[in-house]
Trainee: 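Structure provided below as structure tokens; questions to follow.
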Amino acid sequence: MIYPTCAYFCCCVLSAAVIHVCVGEMYTSLLNVKQAISVERKLIDYLKTYIDHELERLEDVKRFYSKVSDLHADLYKGPAATMANPLVAFTLIKRLHSEWLNVVHSNEALENAQALRSSYEEEEAGLPQLEDLQGAAKGLMRLQDVYALQVASLVNGRFQRLTDGVTIDIHLPAVSVLLSGDDCFLVGKVAYEQEDYYHSVPWLEESVRLFRGTEGEWSPENAGTLEDALDHLAFSHFKTGNVSYALSLSQELLHHDPMNGRVLQNVEKYEKLLDVSPPRSLRGDGLRRPSSSYLRTRDNYERLCQTQRHQQPMHFKNPELFCDFFSNGNPGLLLQPVRREVLCLQPYVVLYHDFITHTEAEDIKGLAQQGLRRSVVASGEKQATAEYRISKSAWLKGTAQSTVGKLDQRISVLTGLNVKPPYGEYLQVVNYGIGGHYEPHFDHATSPSSPVYKLKTGNRLATFMVYLSSVEAGGSTAFIYANFSVPVIERAAVFWWNLHRNGQGDEDTLHAGCPVLIGDKWVANKWIHEYGQEFQHRCSLNPDE
């Protein structure tokens, strides 16, 4: 049964060349995020050691405090003869000359802190970089856009959208976390620095609300403050034409920081603008969403990504679609045919259920882990990373007896195509990161200079994509012009033709990997080229077909 939902990604132009690991790419693969957990566990142990040592130091300070306090409460309040006692006088002079000095200028606190810093620095290579923080923030904004999520709901750990004035839960996560004012400030700041006020405003609004709720209470782990959030939010509103609100926020900021010269100048500027009659210069377009490389298909793309699994299967819409047990006329499949589901006829897209076993999927994921590198896309004759593709990938070669080799053989049996290199590319394994996605693209080359042709075996004739894992929500493969989406179904595989029989690219195969809302998405891609298929996939007598 077909569920017009969300599913995948699919790759564009990659070669088997090794791409070196770059710092600041933790957010591009959920595997790296999981590995970061072990680093933080070590940091927790280091912090516990620091706390224990500091508690010991504080106990020593408390003992000194108690000793001196008791002397002043008892001994020094006694008769004057007390101070005539040379032992009393000596201990007082000694205490004031050296004991207080040792306590006040003790290096123990510094040594404890330095030990913590040294331990932290040992783990620094495995810590996220600024690019990771920015990438994770952009991932949240991407999810906000594609799934029409309310920022206020995200802050409360829920995934909700507003539909016809009613707030609807689109997914209830098994584990939830609340965001702090500082969390929201950092997301809003990333958008602000890109002059993306459409996103900075709602995130900074939440930051201000949460910071106000703490009544200015300071937390050592925070990078931002209420004043910072007010400052960024005021200017964001000014840039979107809401000058009166920018003035109000700036005046609130001055209440906390009355000598801020820059903000004083802004207030004067806003007041002058508001005095203009008519205030033509204030008529901004409001919060306008930034343009995108897939702007022409964005509405359809996002609608397909938002499609829920429980909606009516497509079979009821098109009676020509069907499910069957498929053997492709191969003797090896006669006794154990594959469950095939025809999802679409133009382009021809089919889903093979239970294509791979759980053990095989885990084996492939394990083989790929050490080779994962930031996924790239075609950029002229070269390849480069891009914001519209967030994932990491690895290329796997396989012998006939290996898991990869057996997978190749199974693909060949099902499709009837020659998938051995160079007629088929090596298996590409992909793991998605925070909000991992791949915007609308073709798998086949659309330019004669594409790296796809480096194999000298023609264009990519077909795509065979295997789901190695499931996801809780999101991650669908959306076929934009064909107007349907395929959910992530663990251990299933999707197959489609990229080219018409005359060798021309099929524009109906434009597809996208929807952002992963919740889950750890792994896929394996096998791209099959034109050459080597002359007798397996013959040309048609009709040159237009």
Side-chain angles (χ1 to χ4, degrees), residues 36-128 130 133 177-186 189 207-231 252-260:
I37 294 173
S38 63
V39 176
E40 189 168 47
R41 285 200 186 104
K42 292 181 182 178
L43 294 179
I44 292 171
D45 292 338
Y46 297 146
L47 188 59
K48 177 66 166 60
T49 301
Y50 168 76
I51 291 171
D52 291 342
H53 290 166
E54 279 292 278
L55 286 174
E56 291 175 9
R57 183 182 68 83
L58 289 174
E59 285 299 320
D60 292 336
V61 174
K62 284 180 180 179
R63 279 193 292 272
F64 179 76
Y65 168 81
S66 297
K67 180 178 76 170
V68 176
S69 296
D70 290 345
L71 287 171
H72 279 267
D74 300 324
L75 185 63
Y76 295 158
K77 283 187 175 181
T82 301
M83 298 310 300
N85 185 328
L87 297 177
V88 174
F90 171 78
T91 55
L92 172 64
I93 292 171
K94 183 254 186 182
R95 190 167 57 253
L96 289 172
H97 174 74
S98 62
E99 291 183 15
W100 273 97
L101 183 70
N102 292 337
V103 170
V104 173
H105 294 281
S106 171
N107 289 326
E108 192 175 2
L110 181 61
E111 290 168 359
N112 291 342
Q114 185 56 48
L116 178 63
R117 290 191 188 100
S118 298
S119 299
Y120 176 86
E121 288 166 1
E122 288 178 10
E123 306 299 329
E124 210 158 11
L127 297 175
L130 175 61
L133 178 61
V177 62
L178 303 180
L179 299 185
S180 68
D182 192 56
D183 295 332
C184 297
F185 172 70
L186 288 173
K189 187 181 177 184
S207 176
V208 167
R209 180 182 66 82
L210 291 168
F211 274 134
R212 283 171 178 159
T214 63
E215 298 180 352
E217 182 179 340
W218 180 76
S219 297
E221 68 270 22
N222 286 353
T225 62
L226 173 59
E227 291 85 348
D228 293 327
L230 286 168
D231 195 6
E252 181 182 351
L253 175 52
L254 286 176
H255 176 74
H256 298 281
D257 186 10
M259 302 307 294
N260 192 315

Trainee: Could you list the residues that satisfy side-chain hydrogen bond (donor to acceptor under 3.5 Å, both in side chains) with Asn102, not counting sequence neighbours?
Mentor: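 Scan of Asn102 (side-chain hydrogen bond (donor to acceptor under 3.5 Å, both in side chains), adjacent residues dropped) gives none.
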Trainee: Can you tell me how far the CD atom of Glu252 sits from the CD atom of Glu227, to the nearest 0.5 Å?
Mentor: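 Those atoms lie 9.5 Å apart.
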Trainee: Kindly compute the distance separating CG (Leu71) from CZ (Arg95), expressed to the nearest 0.5 Å.
Mentor: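 The distance works out to 5.0 Å.
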Trainee: Could you tell me whether Lys48 and Asp52 make a salt bridge, using a distance below 4.0 angstrom between a side-chain N and a carboxylate O?
Mentor: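 Counted as a salt bridge, because a side-chain N and a carboxylate O are separated by less than 4.0 Å.
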Trainee: Ignoring hydrogens and geometry, is there a side-chain-to-backbone donor-acceptor pair from Thr91 to Val88 under 3.5 Å?
Mentor: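 Here the side-chain-to-backbone pair exists.
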Trainee: May I ask you to test the Lys94-Ser98 pair for a side-chain heavy-atom distance under 4.5 Å?
Mentor: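 SC-SC contact between Lys94 and Ser98 confirmed.
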Trainee: Rounded to the nearest 0.5 Å, what's the gap from CG on Leu178 to CG on Leu210? Could you check?
Mentor: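 The CG atom of Leu178 sits 9.5 Å away from the CG atom of Leu210.
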Trainee: Let me see the working for Asn222 and Phe185 under side-chain contact (heavy atoms from CB on, under 4.5 Å), right down to the final yes or no.
Mentor: CA-CA 10 Å; Asn222 286 353; Phe185 172 70; over 6 Å; no
Trainee: So which heavy atom on Glu54 is nearest to which on Ala109, and how close?
Mentor: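 Of all heavy-atom pairs spanning Glu54 and Ala109, the closest is OE2-CA, 3.7 Å.
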Trainee: Taking only residues two or more places apart in sequence or in another chain, which ones pass side-chain hydrogen bond (donor to acceptor under 3.5 Å, both in side chains) with Asp231?
Mentor: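 If we apply the side-chain hydrogen bond (donor to acceptor under 3.5 Å, both in side chains) test to Asp231, skipping adjacent residues, the hits are Arg262.
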Trainee: Mind checking side-chain hydrogen bond (donor to acceptor under 3.5 Å, both in side chains) for Tyr46 and listing every partner two or more places apart, or none if nothing turns up?
Mentor: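 For Tyr46 the side-chain hydrogen bond (donor to acceptor under 3.5 Å, both in side chains) partners, ignoring immediate neighbours, are Glu123.
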Trainee: Would you give the length of the straight line joining atom CD1 of Ile51 to atom CG of Leu116, rounded to the nearest 0.5 angstrom?
Mentor: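 Rounded to the nearest 0.5 Å, the CD1-CG separation comes out at 9.0 Å.
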Trainee: Can you check whether Val103's main-chain N or O pairs, donor with acceptor, with Ser106's side chain at less than 3.5 Å?
Mentor: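 No: the side chain of Ser106 does not pair with the backbone of Val103.
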Trainee: If you look at every heavy atom in Asn260 and Leu254, which pair is closest and at what distance?
Mentor: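 Shortest heavy-atom contact: O-CD2, 4.0 Å.
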Trainee: Would you indicate whether Lys42, at its atom NZ, is surrounded by more than 12 heavy atoms from other residues, nucleotides or ligands within a distance under 6.0 Å?
Mentor: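 Open.
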Trainee: For Glu40, look at atom CD and say whether over 12 heavy atoms of other residues, nucleotides or ligands are found less than 6.0 Å away.
Mentor: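 Not buried by this count: 12 neighbours or fewer within 6.0 Å.
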Trainee: Under the side-chain contact (heavy atoms from CB on, under 4.5 Å) rule, collect the residues that match up with His72, sequence neighbours excluded.
Mentor: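 Applying side-chain contact (heavy atoms from CB on, under 4.5 Å) to His72 gives Val68, Tyr76.
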Trainee: For the residue pair Gly126 and Val39, what are the closest heavy atoms and their distance?
Mentor: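 Between these two residues, the closest heavy atoms are O-CG2, 3.9 Å.
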Trainee: Rounded to the nearest 0.5 Å, how far does CD1 of Ile37 lie from CD1 of Ile44?
Mentor: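 Rounded to the nearest 0.5 Å, the CD1-CD1 separation comes out at 10.0 Å.
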Trainee: Can you find a pair of side-chain heavy atoms, one from Leu43 and one from Tyr120, that are under 4.5 Å apart?
Mentor: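 Answer yes - side chains close enough.
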Trainee: Within this structure, what is the OG-CG distance for the pair Ser207 and Asp182, rounded to the nearest 0.5 Å?
Mentor: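 If we round to the nearest 0.5 Å, Ser207:OG and Asp182:CG are 7.0 Å apart.
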Trainee: Identify the heavy atoms of Leu179 and Cys184 that sit nearest to each other, and give their distance.
Mentor: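 Smallest heavy-atom distance, with atoms named: CB-SG, 4.2 Å.
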Trainee: Decide yes or no for His256 and Leu230: does some side-chain heavy atom of the first lie under 4.5 Å from some side-chain heavy atom of the second?
Mentor: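 Side chain of His256 against side chain of Leu230, heavy atoms only: contact under 4.5 Å found.
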Trainee: Run the side-chain contact (heavy atoms from CB on, under 4.5 Å) test against Glu111 and tell me which residues pass, sequence neighbours left out.
Mentor: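 Glu111 satisfies side-chain contact (heavy atoms from CB on, under 4.5 Å) with Asn107 only.
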Trainee: List the residues meeting side-chain contact (heavy atoms from CB on, under 4.5 Å) with Leu87, not counting sequence neighbours, and say none if there are none.
Mentor: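 Leu87 satisfies side-chain contact (heavy atoms from CB on, under 4.5 Å) with Asn85 once adjacent residues are dropped.
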